[in-house]
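Notes to accompany the following structure.
Only heavy atoms go into these numbers, but all of them, side chains included; no hydrogens, no water, no symmetry mates. Atoms within a ligand are numbered from 1 in the order they appear, just like the ligands themselves.
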Amino acid sequence: MNTRYIILLVLLSFSFNSFSETEDWGKTGHRVTGEIANNYLTKKAKRNIAKLLKGHGLAFVSIYADEIKSDDRYKGYSPWHYVNFSFDKKYGEETPSKFGDLVQGIKKCIKILKSETSSIEDKEFYLKMLVHFVGDLHQPLHVGRGEDKGGNDIQVQWFRNGSNLHRVWDSEMIDYYDMSYTELANNADELSLLEVETIQKGEVIDWIYESQDLAKKVYASANVGEKLGYRYMYEHFPVVRSQLQKGGIRLAKILNDIFG
Ligand code: ADE
Ligand code: ZN
Ligand code: ZN
């Protein structure tokens, strides 16, 4: 009886681990991006978005796409959270996944939101999805290598606990920093208008390549089984903060184009 109980506990802990593997930036990261985006919206965009979201804010809806993952009706959206393609190829040189990916997902959301024939319900749904996916786009390992599932299969130690490289970038560093999403958003780096405009230049695909370039550095930053902690935080958390801020600023650009 005792042995069975222990086996059950071990199995349960494995399955919980695999659930948390696919949590993306984590709640705080996604909310930071939503909150920062809100600060860069035009008045008109803010009004139109508030109407669609029934008063809920971008930070509030930013984790909706993760919340629906456990509902089988929404299974088809799971591959939209990431895009893996060879580091030495352009996106599209290899046939993109027929199940969809982050690039196709963001395109579809924008198309529905721009269309005059979309229903209000569809617009609300795809707006919530878009807020989330633009966040995911800025997590470097969401533009990673397919063979290790964006670093999910690269086991490392985070301080005293077992983790993996993907999770370190999704949430371990952000959680370790221990600031709320509003505190992180309020303490984002001050940027000049020119810097903001530079960040907003380009298209979704350019931002994907930027994340992929960062992903190459992230893969080189740790070895399998390595113990990561204070030093890793010191060297890499600034990149996390910058990516969350860029995500917010670019999300605002997309939303101003649609709703502004
Ligand atoms: N599953 C497979 N590849 C992934 C990635 N790059 N990010 C998150 N989940 C994944
Ligand atoms: Zn993730
Ligand atoms: Zn996601």
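Here the angle at the Zn ion (ligand 3) defined by NE2 in His132 and OD2 in Asp24 stands at 100°, rounded to 10 degrees.
At most 12 heavy atoms of other shown residues, nucleotides or ligands fall within 6.0 angstrom of atom CD in Glu203.
Side-chain atoms of Gln243 never come within 3.5 Å of backbone atoms of Leu214 as a donor-acceptor pair (strictly under, hydrogens ignored).
Between Arg31 and Glu35 no salt bridge is recorded (no basic side-chain N to carboxylate O distance below 4.0 Å).
Shown in contact with Asn84 at under 4.0 Å from a heavy atom are these atoms of ligand 1, numbered in order with element: 2 (C), 3 (N), 4 (C), 5 (C), 6 (N).
Neither the backbone nor the side chain of Val83 has a heavy atom within less than 4.0 Å of ligand 1.
Summarising the geometry of Phe133 relative to Cys109, their closest heavy-atom pair is CD1-SG, 4.2 Å, with the distance given to 0.1 Å.
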Tabulate below the donor-acceptor pairs under 3.5 Å that side-chain atoms of residues 121-131 make, not counting sequence neighbours, or state none.
from	atom 1	to	atom 2	distance (Å)
Lys123	NZ	Ser115	O	3.3
Glu124	OE1	Lys54	NZ	2.8
Tyr126	OH	Tyr77	OH	3.1

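Applying the salt bridge (charged side-chain N to carboxylate O under 4.0 Å, His left out) test to every pair with at least one member in residues 101-114, sequence neighbours left out, gives no pairs at all.
For the Zn ion (ligand 2), the set of nearby N, O or S atoms under 2.8 Å includes none belonging to Asp136.
Summary: ND1 is the N/O/S atom of His81 found nearest to the Zn ion (ligand 3). Residue His142 approaches the Zn ion (ligand 2) most closely through its N/O/S atom NE2.
At least one N/O-N/O distance between Leu141 and ligand 1 falls below 3.5 Å.
For His166, the closest heavy-atom approach to ligand 1 falls below 4.0 Å.
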